[in-house]
Protein chains: 2
Amino acid sequence: MISEFERATASTLVDGVATAEIADSWGTGGPAPNGGYLLALVTRALGRVSAHPHPMTVTAHYLRPAAPGPATITTEVIRSGRTLTSAQASLFQDGKERIRVLAGFGDLESLPDDVRTSAEPPVLPQVEDCFEAPDSFKRLVTLLGHADLRVDPATAGWAAGAPSGRGEMRSWFRLADGQEPDPCTLLFAVDALPPVAFEMGVQGWVPTLELTVHVRALPAPGWLRVVASTRNLAGGHLEEDVEIWDSKDRLVAQSRQLARVVGP
Amino acid sequence: MISEFERATASTLVDGVATAEIADSWGTGGPAPNGGYLLALVTRALGRVSAHPHPMTVTAHYLRPAAPGPATITTEVIRSGRTLTSAQASLFQDGKERIRVLAGFGDLESLPDDVRTSAEPPVLPQVEDCFEAPDSFKRLVTLLGHADLRVDPATAGWAAGAPSGRGEMRSWFRLADGQEPDPCTLLFAVDALPPVAFEMGVQGWVPTLELTVHVRALPAPGWLRVVASTRNLAGGHLEEDVEIWDSKDRLVAQSRQLARVVGP
């Protein structure tokens, strides 16, 4: 039984070039598929040429919008070391490069289990007490058919037209078909929430220029908690930081993106 | 009058390939030059093929150690758009790639001047009340001949063998020859402090795997304040976040790196 996420991020690799079909139901309301979904697709293809199994640091530059339909992903192994494979991929559609990805792959299972952290897991209300998007919204934001998001009501004011003004959003996350998370799921999850800028009262489009994700540990089965925050909206740009915590209270991913605020 | 920093990051560009001389006095105690210095060198060369003047988002993967001496930097303009040029560079020495850089260049002077921020500028003691490395240390860490660092004594316990255990370091920064900061200076400054892990009691070597810098505004003349912090040391890796504030209390750069803890 193949999961929806595995099917939507699958590709066929021949001589280092992957061909894939970008699915049409992983959108956020506009014509372009979700950036995290695309990052998972590209990184999963790139992982197939890597000597190490797990993405540990992944940077994507979003050059042009991608669209549902056929895509070609070229891959390059830059260096294959003892503990890390460095590699690069480019996603093309209609002969134009849409996304470039630079990544380091390692083996998360082989890492020592020392932890010295001052990071505190977020406290959210129970899943059933959180905000689930209404069906009308799910029809628009099609990725919600695959990602089960339950947003802490204290950070969902924007959805009722009353943003809190604080630059934070917290949500439960799991794949809707029950598939347990793997590292590529985290690449999708860091970008699956609505732009945290909405909770600061920003409206309109917030396209991602650059997104970097560090996967710090293999996620345990169960719900993930996703915390998105922004501190500095300036010069028409903002950063969005995301942390993902797993069911064992471990910080499994950290990401930051630089986005541009466009309109309204 | 050319500054030390300009001289050390200069290159000659012919047909998209830059040749440079990696200087031998920008080290941190080991044989390899400082990673931020190298990033500034590569990015400055890459900026010469870009249609836009300022690095806005720069990611470096450190593949192999570099060394003082001749280097070749290949460049590629990936896409030249209206507001952003996306470009890539590789630094080679002895035929081996040492660093790969993926960057977006824009025009920081053309950005709107809206600011909506919850980020607070750090409060440091006066420059003259901060900790300056003794001459014995400066002879070892040669970059201190070019970077005037004055560390908040509350975050310099490691230097006296008594780390605070908190993962934070705060410092004043300016180029020692009085040259005012530009965007490439910020790429150096985000990596010029000692590893913040030292203040958590970690000893040994903390090589950077990946470093991403967002330059958010042109820095005003004067001293910069650099705040480095880490929250999560786990699985033998840690992230190091750096913010740089200018003399006008603006957040001019944000960076994050993923580093491996080796030894002691």
Side-chain angles (χ1 to χ4, degrees), chain A residues 56-64 78-79 81 83-84 86 88 90 96-97 100-104 106 108 110-120 165-167 200-202 209-210 212 214 216-217 229-239 241 243 250-251 254-256 258 260-261, chain B residues 56-64 78-79 81 83-84 86 88 90 96-97 100-104 106 108 110-120 165-167 200-202 209-210 212 214 216-217 229-239 241 243 250-251 254-256 258 260-261:
Chain A
M56 289 182 64
T57 169
V58 183
T59 291
H61 280 230
Y62 293 89
L63 308 167
R64 297 177 179 90
I78 302 168
R79 176 170 192 253
T83 59
L84 202 72
S86 304
Q88 180 173 299
S90 295
K96 285 199 170 147
E97 186 171 357
R100 185 163 296 199
V101 170
L102 184 55
L108 291 168
S110 75
L111 299 183
D113 53 9
D114 61 305
V115 175
R116 211 181 319 181
T117 189
S118 64
E120 299 270 349
R166 291 185 302 274
M200 289 181 87
V202 170
L209 304 179
E210 182 266 337
T212 294
H214 295 168
R216 302 296 305 272
S229 61
T230 186
R231 297 169 66 224
N232 193 55
L233 193 167
H237 292 74
L238 57 82
E239 91 285 5
D241 286 356
E243 288 185 357
R250 287 179 316 166
L251 181 53
Q254 291 171 294
S255 77
R256 174 173 292 163
L258 182 65
R260 183 160 46 214
V261 179
Chain B
M56 289 182 63
T57 169
V58 183
T59 292
H61 280 231
Y62 293 89
L63 308 166
R64 298 178 178 89
I78 303 168
R79 176 172 191 252
T83 59
L84 203 72
S86 304
Q88 180 172 300
S90 296
K96 285 199 170 147
E97 186 171 357
R100 185 163 296 199
V101 170
L102 183 55
L108 291 168
S110 75
L111 298 184
D113 53 8
D114 62 305
V115 175
R116 210 181 319 180
T117 188
S118 63
E120 299 270 350
R166 292 184 303 273
M200 290 181 87
V202 170
L209 304 180
E210 182 267 337
T212 294
H214 296 169
R216 301 298 304 274
S229 61
T230 185
R231 298 169 67 224
N232 192 54
L233 194 168
H237 292 73
L238 56 82
E239 92 284 3
D241 287 357
E243 287 184 359
R250 288 180 316 167
L251 181 52
Q254 292 171 294
S255 76
R256 174 172 290 162
L258 182 65
R260 183 159 48 215
V261 179

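Reminder, nothing fancy here: chain letters follow the sequence lines and each chain counts from 1. Scope of the values below: all heavy atoms of this structure, side chains included, with no hydrogens, waters or symmetry mates.
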So which of [options] has the largest heavy-atom pair count under 4.5 angstrom toward chain B?
| options | answer |
| --- | --- |
| Leu258(A), Thr59(A), Val261(A), Val115(A) | Leu258(A) |
| Lys96(A), Met56(A), Gln88(A) | Gln88(A) |
| Glu97(A), His237(A), Arg100(A) | Arg100(A) |
| His214(A), Arg216(A), Arg79(A) | Arg216(A) |
| Met200(A), Arg250(A), Arg116(A), Arg166(A) | Arg116(A) |
| Ser86(A), Gly236(A), Gly167(A), Gly104(A) | Gly236(A) |

Identify which part of [X] has an atom lying under 4.5 Å from any heavy atom of chain B, answering side chain, backbone, both or neither.
| X | answer |
| --- | --- |
| Thr230(A) | backbone |
| Thr57(A) | both |
| Leu209(A) | side chain |

Salt bridge (Lys or Arg N to Asp or Glu O under 4.0 Å) partners of Arg260(B), counting only residues at least two apart: none

Non-neighbouring partners of Arg231(B) that pass salt bridge (Lys or Arg N to Asp or Glu O under 4.0 Å), sequence neighbours left out: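 With neighbours one apart ignored, the set is Glu243(A).
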
Between Ile78(B), Thr83(B), Leu108(B), Leu238(B), which residue shows the highest count of heavy-atom pairs closer than 4.5 Å to chain A? Ile78(B)

Does any backbone or side-chain atom of [X] lie under 4.5 Å from a heavy atom of chain A? Answer side chain, backbone, both or neither.
| X | value |
| --- | --- |
| Glu120(B) | backbone |
| Ser229(B) | neither |
| Ser90(B) | neither |
| Leu84(B) | side chain |
| Ala217(B) | neither |

Heavy atoms, side chains only, cut-off 4.5 Å: are Glu210(A) and Thr212(B) in contact?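 Yes. Closest side-chain heavy atoms under 4.5 Å.
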
Atom of Arg256(A), atom of Asp241(B) and distance for their closest heavy-atom approach: NH2-OD2, 4.1 Å

